[in-house]
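Working notes, structure below.
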Amino acid sequence: MPESTTPVQDSVGGEPTGRPVGHDGTRVDVAERPAWSVGAGGAVLGVVVSLLVLALGTLGAVSSDAPAMVGVLAVGLLLALAVLTGISVISPGETLVVQLFGRYLGTIRRTGLVMTVPLSTRRRVSVRVRNFETSELKVNDADGNPINIAAIVVWQVADTARASFAVEDYDDFVSVQAESALRHVAMSHPYDGGDGVESLRGATELVSGEIATEVAARVAVAGVEVVEARISNLAYAPEIAQAMLQRQQAGAIIAARSRIVEGAVSMVEDALNRLESDGVVTLDDERRATMVSNLLVVLCGESRATPVVNAGSLYQ
């Protein structure tokens, strides 16, 4: 498929179209395709033949005086040198993006010694999995509280043609877009929340999935695939950290007190029911209220209770 530029809008329905935009308002429509190449056997044969032609041409040019023969040998030497320019060595995890006079011919993904189109220019593009950590961003969460957040993004090049021609520098492009996506997701959730609230601190897996999805959508234009994204740092901004800590402590104390009172009421109810059902003691409403009060004080108090033994009648 030849390269072309098609004028389209930057987005459709607020979502990126997935096709790179150029400086003139058009988007470069180019996708990866295989380039012509031969493996190690053909490459070795081409090298051997080229070296033989070079050797014979050099000997012929030196020993011959005929101008026509010298011209033929010179042409042969030039052809042999052209064949040698198509020889490359590709390591595992690397690809070669092949161009001929500026035109994209394709990508070579086979490894080892290969031979491709002579006189072509070749750019190495790594398809290994990479990762980086975004800088620590200071943003406001959904509640307006300033927080510091950073994330680790794992990615790799999936389409070498787009990575080479759709953007200026795909490494820098991925870095900037990852920070933009992280900022947007952080502003969509509160730092902390109650039950059922999708918060940054409580719903880490969900938030990480949202970050990975949004980063992937933003960098697809550069032929990049996001493997994973995880929050690596999350904290309140220093100017409100102490106040938020006190707020969290107050919430924890309230929750603990509520749990203690709930348990104490249940224990008092069970104790009174058992005393009456077993016929241990019969209490009127006033004495029953007094016993409930005393038991709640003992069960809910922070300090250890000191019992007072009543040796006389309960009604005196």
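Partners of Glu179 by salt bridge (charged side-chain N to carboxylate O under 4.0 Å, His left out), not counting sequence neighbours: none found. In this view, Asp171 and Arg130 satisfy the side chain to side chain donor-acceptor pair (under 3.5 Å) rule, not counting sequence neighbours. The salt bridge (charged side-chain N to carboxylate O under 4.0 Å, His left out) check on Glu205 picks up Arg230, with sequence neighbours excluded. By the side chain to side chain donor-acceptor pair (under 3.5 Å) test, Ser120 pairs with Arg122, sequence neighbours left out. Here Ser232 pairs with Glu133 under the side chain to side chain donor-acceptor pair (under 3.5 Å) rule; sequence neighbours left out. Shown here are the side chain to side chain donor-acceptor pair (under 3.5 Å) partners of Thr107, two or more places apart in sequence or in another chain: Tyr104, Thr160. For Arg183, there are no salt bridge (charged side-chain N to carboxylate O under 4.0 Å, His left out) partners, not counting sequence neighbours. Among residues two or more places apart in sequence or in another chain, the ring-ring contact (aromatic ring centres under 6.0 Å, His included) test is passed with Phe173 by none. Partners of Ala216 under the side chain to side chain contact (heavy atoms under 4.5 Å, CB included) rule, at least two apart in sequence or in another chain, are Val226. Evaluation of the side chain to side chain contact (heavy atoms under 4.5 Å, CB included) rule for Ala181 yields Glu214, Val215, Arg218 as partners, not counting sequence neighbours. With sequence neighbours left out, the salt bridge (charged side-chain N to carboxylate O under 4.0 Å, His left out) criterion links Arg110 to no other residue.
Residues Val98 and Ala35 approach most closely at CG2-CB, 4.1 Å, considering heavy atoms. Counting all heavy atoms, side chain and backbone alike, Thr134 lies closest to Ala178 at CG2-CB, 4.3 Å. Scanning both residues, Ala229 and Ser208, for their nearest heavy atoms gives O-CB, 3.3 Å. The shortest heavy-atom contact between Ala161 and Val30 is CB-CG2, 4.0 Å.
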Inset, instruction - Step by step, work out the side chain to side chain contact (heavy atoms under 4.5 Å, CB included) result for Trp155 and Val219. - result: CA-CA 10 Å; Trp155 61 281; Val219 301; over 6 Å; no
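Once rounded to the nearest 0.5 Å, the distance linking CE of Met187 with CG of Asn140 reads 7.0 Å. Taking CD of Glu210 as the reference point, atom CG of Leu200 lies at 9.0 Å (rounded to 0.5 Å). Atom OG in Ser135 sits 11.0 Å away from atom CG in Asn148 (nearest 0.5 Å). From Ile231, atom CD1 reaches atom CG of Leu182 across 7.0 Å, with rounding to the nearest 0.5 Å. Atom CD1 in Ile211 sits 9.5 Å away from atom OG1 in Thr204 (nearest 0.5 Å).
No continuous path of hydrophobic side-chain contacts links Val221 to Val176 [ILVMFWY only; heavy atoms under 4.5 Å]. Both Val89 and Val114 are part of a single hydrophobic cluster, where members link through side-chain heavy atoms under 4.5 Å apart. Grouping the Ile, Leu, Val, Met, Phe, Trp and Tyr side chains by contacts below 4.5 angstrom, directly or via other members, places Val174 apart from Val227. Following chains of ILVMFWY side-chain contacts shorter than 4.5 Å, one can reach Val207 starting from Leu137, so the two form part of one hydrophobic cluster. Under a hydrophobic clustering in which Ile, Leu, Val, Met, Phe, Trp and Tyr are joined whenever their side-chain heavy atoms come within less than 4.5 Å, directly or via other members, Met115 and Leu84 fall into the same cluster.
Listed for the Asp159 side chain is no donor-acceptor partner under 3.5 Å among the backbone atoms of Ala31. Side chain of Asp143 to backbone of Asn145: no donor-acceptor contact under 3.5 angstrom is found. Between the side chain of His189 and the backbone N or O of Glu198 there is at least one donor-acceptor pair closer than 3.5 Å. Listed for the Thr116 side chain is a donor-acceptor partner under 3.5 Å among the backbone atoms of Trp36. For Arg201 (side chain) and Ala235 (main-chain N/O), no donor-acceptor pair under 3.5 Å exists by modelled atom type. Side chain of Thr85 to main chain of Pro118: no donor-acceptor pair is present (N/O by atom type, distance under 3.5 Å, no hydrogens or angles).
Within the 4.5 Å cutoff, side-chain heavy atoms of Leu234 are placed close to those of Tyr191.
When each of Val127, Leu96, Ile90 is tested with Arg109 by the rule side-chain contact (heavy atoms from CB on, under 4.5 Å), just one qualifies, namely Val127. For the side-chain contact (heavy atoms from CB on, under 4.5 Å) test with Gln99, the passing option among Val117, Thr121, Leu105 is Thr121; the others fail.
Each salt bridge (charged side-chain N to carboxylate O under 4.0 Å, His left out) pair with one or both residues in residues 87-100, not counting sequence neighbours, appears once here: Glu94-Arg124.
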